[in-house]
Amino acid sequence: QVQLVESGGGLVQPGGSLRLSCATSGDTLHVHAIGWFRQAPGKEREGVSCINRSDGTTYYADSVKGRFTISRDNSRNTVYLQMSSLKPEDTAVYYCAADADLYCPDYGYLRALDFHSWGQGTQVTVSS
């Protein structure tokens, strides 16, 4: 089992920035990809970004390209999501997720159903 704990959410004004952290522990030996997802009230969970722990290759949803940056610190077993130029529509609960023997997609969508280990989520609110 992999445990994931998100932190770093909060209230920020439009145009502002936040950095989310995802700390992993447990059986991470076969975990290759760490994904970030978000879910706004009344909406489906959306795949936002993903990073492969071994080589740092990344995936971004079109809605966040150029504004969000994912990175990892393998020595700390932590993945970060730097969010800039935030918009009100970025408001959601943000989750990180992992699964064994899974890699980030090269194209298309980051699918929540592919991931079976999830953190508890952290709220991000973008509002003036």
Side-chain angles (χ1 to χ4, degrees):
Q1 277 282 30
V2 178
Q3 290 79 47
L4 305 104
V5 178
E6 304 94 337
S7 61
L11 173 64
V12 63
Q13 292 188 341
S17 299
L18 276 177
R19 189 178 79 157
L20 305 183
S21 298
C22 173
T24 64
S25 61
D27 186 10
T28 61
L29 181 63
H30 298 290
V31 171
H32 304 295
I34 301 293
W36 280 101
F37 295 81
R38 66 186 181 186
Q39 190 164 20
K43 294 190 176 181
E44 293 188 357
R45 194 163 292 191
E46 175 192 13
V48 173
S49 186
C50 185
I51 189 166
N52 289 319
R53 295 167 70 223
S54 57
D55 62 7
T57 54
T58 58
Y59 163 94
Y60 295 96
D62 287 344
S63 57
V64 305
K65 276 181 184 175
R67 301 188 300 121
F68 290 11
T69 303
I70 192 170
S71 62
R72 91 279 195 216
D73 183 342
N74 288 341
S75 67
R76 295 177 182 267
N77 288 323
T78 301
V79 170
Y80 304 98
L81 187 68
Q82 178 68 45
M83 307 185 295
S84 303
S85 302
L86 283 163
K87 306 174 182 180
E89 51 264 43
D90 294 316
T91 296
V93 178
Y94 283 71
Y95 301 89
C96 61
D99 208 325
D101 300 317
L102 186 67
Y103 289 88
C104 300
D106 293 324
Y107 55 88
Y109 296 98
L110 185 65
R111 305 191 311 170
L113 60 87
D114 290 333
F115 292 79
H116 295 90
S117 296
W118 292 83
Q120 82 288 350
T122 185
Q123 176 71 47
V124 172
T125 303
V126 185
S127 175
S128 55

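The figures here come from the full heavy-atom set of this structure, side chains too, leaving out hydrogens, waters and symmetry mates.
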Non-hydrogen atoms of I34 and C96 that approach each other most closely: CG2-CB, 4.5 Å
Nearest non-hydrogen partners of T78 and S21, listed with the distance: CG2-CB, 4.2 Å
Check: E6 main-chain N/O paired with Q120 side-chain donor or acceptor under 3.5 Å: yes
Carboxylate-amine/guanidinium proximity below 4.0 Å for D90 and K87: no
F115 ring center near F37 ring center (under 6.0 Å): yes
Connected via hydrophobic side-chain network under 4.5 Å: L20 and W118: no
Check: T28 side chain, S25 main-chain N or O, donor-acceptor pair, under 3.5 Å: no
Heavy-atom neighbours of Q1 CD exceed 12 at 6.0 Å: no
Side chain to side chain contact (heavy atoms under 4.5 Å, CB included) evaluation trace for I70 with Y80: CA-CA 6 Å; I70 192 170; Y80 304 98; over 6 Å; no
Backbone N/O of R72 and side chain of R76: donor-acceptor pair under 3.5 Å: no
Backbone of S54 reached by a side-chain donor or acceptor of N52 within 3.5 Å: no
Shortest non-hydrogen contact between L18 and G8, atoms and distance: CD2-O, 3.8 Å
Mutual orientation of the aromatic rings belonging to F68 and Y94 [parallel < 30°, tilted 30-60°, perpendicular > 60°]: tilted
Pair K65-D62, salt bridge (Lys or Arg N to Asp or Glu O under 4.0 Å): steps then yes or no: CA-CA 5 Å; K65 276 181 184 175; D62 287 344; 3.2 Å; yes
Whether over 12 other heavy atoms sit under 6.0 Å from D106 CG: no
Contact summary for S17 and S85, nearest pair of heavy atoms: OG-N, 4.4 Å
Check against side chain to side chain contact (heavy atoms under 4.5 Å, CB included), S84 and L86: CA-CA 5 Å; S84 303; L86 283 163; over 6 Å; no
Co-membership, hydrophobic cluster, residues Y60 and Y103, 4.5 Å side-chain: no
Side-chain donor or acceptor of R38 paired with backbone N/O of V93 under 3.5 Å: no
Within one Ile-Leu-Val-Met-Phe-Trp-Tyr cluster: Y95 and W36, side-chain cutoff 4.5 Å: no
Within one Ile-Leu-Val-Met-Phe-Trp-Tyr cluster: Y59 and V64, side-chain cutoff 4.5 Å: no
Worked verdict on S117 versus L4 for side chain to side chain contact (heavy atoms under 4.5 Å, CB included): CA-CA 8 Å; S117 296; L4 305 104; 3.8 Å; yes
V79-L110 co-clustered via ILVMFWY side chain contacts under 4.5 Å: no
Backbone N/O of R53 and side chain of N74: donor-acceptor pair under 3.5 Å: yes
Closest heavy-atom pair and its distance - H32, D101: CD2-CA, 3.5 Å
Backbone of G9 reached by a side-chain donor or acceptor of T122 within 3.5 Å: yes
From E44, R45, E46, residue fulfilling side chain to side chain donor-acceptor pair (under 3.5 Å) relative to Q39: R45
Criterion side chain to side chain contact (heavy atoms under 4.5 Å, CB included) on T91 and S127, from CA distance to verdict: CA-CA 8 Å; T91 296; S127 175; 5.9 Å; no
Distance-minimising heavy-atom pair for P14 and S128: CD-N, 3.7 Å
